[in-house]
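Shown next, in structure tokens, is the structure this report addresses.
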Amino acid sequence: MTEKHIIQEHSDECSSPLPASKAEAGAVKAGKGKGTQTPAETKTTAPKRPASKKRPAGTKKTADSAAKSVKKSAPKRKKRSRKDKKGRSLGLHIALTSLEIGALLVVGVAALMILFGYGGQYLTGTSFLYNLLPFALAVVLIVLIGAVFLHTWLRLRAGLVRLHPALAPLLAFILAIGTGILLHGQHFARPLAQFRLLVGGTAEMRTLTLRHQIFAAYRRLNANEMAKMLVRAQIYAADIVDAARIFGIDVDILNGLAAAESSFYPRTSADGGQGLFQITSIPTQAQERALEHLDSHKADMALHRHNTFAAAATLRYYLKQMNGNMVLALLAYNIGPANGGLRHIMERYGATDFITLQPYLQEKPRNYPVQVLSFALAFRVNRMEQRLLPYEEGLNAIRVQHIGIPGL
């Protein structure tokens, strides 16, 4: 064969189709060039994860921002807890300080009242050398005593705070409680009364004069007769208590009123008075109020309950008319509404209170409020002490004065 024929045959062999195995091998080789994997390689590689659903746009950003906010919120919570603790400690500090200041004010005011009372008791007068000048020096001394007490307290407080912050307020509170107990007792009754007189001036002087009239009337009460009256009063106690509660009257005053009017012997008197409280005429408004609480269309003064309610309503009416002055209300109760009543009498003589009006009155109305209130005082003393205290024995005068007169 010629050389030309040999070349032609060789080219034909190359262009002829390959066997199947060779074709696959060629395909694999060709695939390697394009990045495909061999069966051996597919066995060794990890299986593909199933395609997850596509997250909505912005989900990744939201998760990242949430994670960042959680990281940022942790120190914020710590800051808030610190602020809460500081707020609670500040509130506790303010409460303890307020308690301490309030307790010290109570102690200081009580001490001033007692010291000024003693000063007024022993230095009262008009002489400059023996009264006015010593009283002024006593005021300076009281100020110095207060300054020394405050300085001593501040030094003591510094030591107490080192031990515990609540010790100083606790000690001040105990001092205030002790001061209140002492003031409530009888130890400082006279200096406190003198302090009231010192500050109250003329008005307190008139009230003090009236008080001693009542105390003197109590002292003159017959103990045996009073004891019998207390027994008789128990029969009408339920009605009197109900009337006192409904009309806002002190029960001892209603008892004293009944004692002065009838001595707890209900009867019809010559001047027209009826029943336990010797009712003669009732103001229209008082009668209407009494009937409201009695559930009745007509008042019967012969019935003890009707009589008691009418008396309480009448006294309440006069109390309102006399601006809450119990002495004048009792006087108006005794005088009644005829001829303009008590108000007309006071306007005629220019009187403003019982002491200035008393000289113009006749004997019975002049002593009437004193008599009623002395009986009321006896009922109160018996209720609180379980017996009547003889005024002139021992310290009974101080005890009775400390118990106090109902209505004053």
Side-chain angles (χ1 to χ4, degrees), residues 104-150 175-176 178-220 323-328 350-361 366-367 369-370 373-374 376-377 380-381 389-408:
L104 290 178
L105 282 175
V106 170
V107 175
V109 170
L112 283 175
M113 290 169 63
I114 292 170
L115 291 174
F116 274 112
Y118 277 122
Q121 184 176 350
Y122 294 108
L123 300 174
T124 300
T126 57
S127 172
F128 176 80
L129 186 61
Y130 295 104
N131 303 113
L132 301 180
L133 182 61
F135 187 82
L137 294 175
V139 172
V140 174
L141 181 62
I142 290 171
V143 172
L144 291 176
I145 292 172
V148 171
F149 173 78
L150 184 60
L175 287 175
T179 303
I181 293 172
L182 287 176
L183 289 179
H184 187 69
Q186 302 174 11
H187 305 285
F188 301 105
R190 286 183 177 176
L192 289 176
Q194 191 66 36
F195 178 77
R196 283 195 298 268
L197 182 61
L198 184 68
V199 176
T202 305
E204 182 61 26
M205 177 62 75
R206 290 173 179 171
T207 305
L208 185 63
T209 302
L210 179 60
R211 283 197 187 103
H212 281 287
Q213 288 186 38
I214 297 166
F215 291 139
Y218 170 85
R219 178 180 175 275
R220 290 191 296 268
N323 299 318
N325 189 312
M326 180 58 73
V327 178
L328 293 178
T352 57
D353 54 26
F354 179 70
I355 297 299
T356 55
L357 182 63
Q358 204 173 20
Y360 297 102
L361 300 172
R366 185 192 308 149
N367 297 323
V370 174
L373 292 176
S374 65
L377 176 60
R380 175 174 285 186
V381 170
L389 298 178
Y391 194 77
E392 65 279 359
E393 292 183 5
L395 296 176
N396 283 347
I398 301 299
R399 293 174 66 183
V400 171
Q401 291 176 18
H402 182 70
I403 288 172
I405 302 166
L408 293 184

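Only a predicted model underlies this, so the values are computations on that prediction, with no experimental measurement involved. Reckoned from all heavy atoms, side chains included, excluding hydrogens, waters and symmetry mates.
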For Q194, which residues count as a side-chain contact (heavy atoms from CB on, under 4.5 Å) partner, sequence neighbours excluded?
-> Q121, T124, L197

Evaluate the side-chain proximity of I355 to Q213: yes if any heavy-atom separation is below 4.5 Å, no if none is.
-> yes

So do I405 and L210 actually touch side chain to side chain, heavy atoms under 4.5 Å?
-> no

Does CG in L182 sit with more than 12 non-hydrogen atoms of other residues, nucleotides or ligands closer than 6.0 Å?
-> yes

Below 4.5 Å, heavy atoms only, C-beta onward: do Y218 and L389 meet side chain to side chain?
-> yes

Contact summary for L112 and I142, nearest pair of heavy atoms = CD2-CG2, 3.4 Å

Flag the pair I114 / L183 as yes when at least one side-chain heavy-atom distance between them is below 4.5 Å, and no otherwise.
-> yes

Heavy-atom pair of closest approach, residues R366 and F354 | O-CZ, 3.2 Å

Go through the steps for I398 and R190 under the test side chain to side chain contact (heavy atoms under 4.5 Å, CB included), then give the verdict.
-> CA-CA 8 Å; I398 301 299; R190 286 183 177 176; 3.3 Å; yes

Side-chain donor-acceptor pairs under 3.5 Å in residues 199-208, sequence neighbours left out?
residue : atom : partner : partner atom : Å
E204    : OE2  : R211    : NH1          : 3.2
R206    : NH1  : D353    : OD2          : 2.9
T207    : OG1  : A203    : O            : 3.0

Can you tell me how far CZ of F188 sits from OG1 of T179, rounded to the nearest 0.5 angstrom?
-> 9.0 Å

For H187, the ring pair (Phe, Tyr, Trp, His ring centres under 6.0 Å) test, sequence neighbours excluded, returns none

Partner residues of L198 under the side-chain contact (heavy atoms from CB on, under 4.5 Å) criterion, sequence neighbours left out | F116, F135

Could you label the plane-to-plane angle of the F215 and H212 rings as parallel, tilted or perpendicular, counting under 30° as parallel and over 60° as perpendicular?
-> perpendicular

Minimum heavy-atom distance between L377 and G404, given as atom pair plus value = CD1-O, 3.4 Å

Can you name the residues that form a ring pair (Phe, Tyr, Trp, His ring centres under 6.0 Å) with Y130, not counting sequence neighbours?
-> none

Audit row: L408, V327, side chain to side chain contact (heavy atoms under 4.5 Å, CB included) steps and yes/no = CA-CA 8 Å; L408 293 184; V327 178; 3.8 Å; yes

Partner residues of R399 under the side-chain hydrogen bond (donor to acceptor under 3.5 Å, both in side chains) criterion, sequence neighbours left out | E385

When rounded to the nearest 0.5 angstrom, what distance separates CG in N396 from OH in Y391?
-> 10.0 Å

Note: A217 and S374 closest approach over all heavy atoms is CB-CB, 3.6 Å

So which heavy atom on P134 is nearest to which on L129, and how close?
-> CD-O, 3.3 Å

Check T126 against L132 and note the closest heavy-atom contact, atom names and distance.
-> O-CD1, 4.0 Å

